[in-house]
Asks: 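Could you have a look at this structure, given as structure tokens, before my questions?
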Number of protein chains: 2
Amino acid sequence: MTRSDDDLGIRFLSAVARLNRWVNKHADLPVPHAQARLLSLVEEFGTARIGELAAADHCSQPTMTTQVQRLEAAGLLRRTADDTDARASLVALTPAGAAALEDARRARAAVFGPVLDELDPADREAMSRMVALTDDLLRRGREARETD
Amino acid sequence: MTRSDDDLGIRFLSAVARLNRWVNKHADLPVPHAQARLLSLVEEFGTARIGELAAADHCSQPTMTTQVQRLEAAGLLRRTADDTDARASLVALTPAGAAALEDARRARAAVFGPVLDELDPADREAMSRMVALTDDLLRRGREARETD
DNA sequence: TTGGGTGCATAGCTTATCTATGCGACACTG
DNA sequence: CAGTGTCGCATAGATAAGCTATGCACCCAA
């Protein structure tokens with residue numbers, strides 16, 4: 001890795017962090033940010049165990065237990081027994097949870113909307129590329145963990 | 001804004017959020033994440049008041065007060081009187097603070113380094129574009145606030 | 001001088017997150 | 001089958017991050 005790569009990496013990550021924070025702080029989410037993130041993850045999995053969610057969210061298992069409990073209490077997630085292992089349960093979205101997630105997405109998109117309106121095609125292409133790159137990176141990270 | 005723009009915006013923001021979290025969770029930072037962020041901001045300003053930092057960090061003033069107090073106690077920030085207003089003080093990095101920030105940057109770059117190594121020139125171009133876009137967006141956001 | 005606005009510290013609260021620990025369930029081996 | 005080691009998750013206790021409300025000193029304009 002060359003020096004200019006280091007710079008690009010650092011600058012890029014800084015930009016990602018700042019953009020993320022800007023959107024998060026300006027979006028009027030129906031649930032706290034971390035909870036919205038979890039709703040999104042559960043949607044992606046369909047149903048999942050707490051340990052799976054913790055790994056996917058890059059947090060500790062007790063953190064995930066607490067978050068699931070919060071969202072369950074709020075009626076946004078539900079738990080059912082896992083037939084294959086009595087120690088585990090399967091977490092899924094409730095209809096209210098799905099609605100809250102949709103609201104959260106809309107709120108985030110509303111913040112970014114005006115930005116999008118001013119972009120030219122090259123910017124959009126760059127964005128699509130970032131989406132693909134991130135999906136690829138995180139999928140690889142997940143597969144690497146699964147082979148450990 | 002068209003429907004496909006909505007999708008792009010949402011997908012892009014999701015990618016940004018996930019990438020940011022991945023890096024944050026995998027980087028071995030010398031200080032907690034929010035503190036590293038503040039060090040970076042103070043570096044950018046040179047010296048700044050608490051209110052300025054709060055606005056730039058998109059958080060409340062008391063939050064910023066607390067964070068500055070933490071970093072001051074840790075020897076990473078120092079405060080001096082603001083000659084122009086007795087209510088305010090000017091916050092600046094200490095040498096230890098600058099070193100910690102450098103360490104944090106190195107830690108983050110180290111996580112992303114292997115990703116960079118595998119990128120082709122089009123990906124790098126896209127990244128540079130994202131950096132410029134974000135800088136522009138946040139600068140405009142800041143200017144808009146200053147004219148309010 | 002007075003009154004209104006500003007800058008920041010404190011108070012009190014919620015959320016997010018961690019490591020350590022404990023317990024029951026599961027899997028494997030003899 | 002019994003014993004042992006591993007796994008999945010809940011709980012405990014702690015720190016960090018963040019918010020709104022409030023209070024006080026300072027600043028500025030009339």
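Convention: sequence-line order gives letters A, B, ...; per-chain numbering from 1.
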Asks: For a quick test of reading the model: is some side-chain N or O of A:Gln69 closer than 4.0 Å to OP1 or OP2 of D:dT11?
Replies: yes

Asks: Please determine whether a side-chain nitrogen or oxygen atom of B:Thr63 lies at a distance below 4.0 Å from atom OP1 or OP2 of D:dA17.
Replies: no

Asks: Quick check: do A:Leu101 and A:Glu43 have side-chain heavy atoms less than 4.5 Å from each other?
Replies: yes

Asks: Taking side chain as C-beta onward, heavy atoms only, is B:Ser89 less than 4.5 Å from B:Asp82?
Replies: no

Asks: Looking at B:Lys25, does any N or O in its side chain come under 4.0 Å of the phosphate oxygens OP1/OP2 on C:dA16?
Replies: no

Asks: Taking the side chain of A:Arg21 as heavy atoms from C-beta outward, which of C:dA20, C:dA9, D:dG18 is closest to it?
Replies: D:dG18

Asks: Would one find a side-chain N or O of A:Arg70 under 4.0 angstrom from OP1 or OP2 of C:dA16?
Replies: yes

Asks: If you take atom types as modelled and just measure distance, does the side chain of A:Arg87 reach the base of D:dC7 with a donor-acceptor pair under 3.5 Å?
Replies: yes

Asks: Counting side-chain heavy atoms from C-beta on, which of C:dC8, D:dG18, D:dC9 comes nearest to B:Ala88?
Replies: C:dC8

Asks: Check this for me: does the side-chain of B:Gln61 come within 3.5 Å of the base of C:dA9 through a donor and an acceptor?
Replies: yes

Asks: Quick one about B:Thr65 and B:Gln61 (side-chain donor to acceptor, distance below 3.5 Å, no hydrogens or angles considered), yes or no?
Replies: yes

Asks: Is B:Gln67 near enough to D:dG18 that one of its side-chain N or O atoms lies under 4.0 angstrom from OP1 or OP2?
Replies: yes

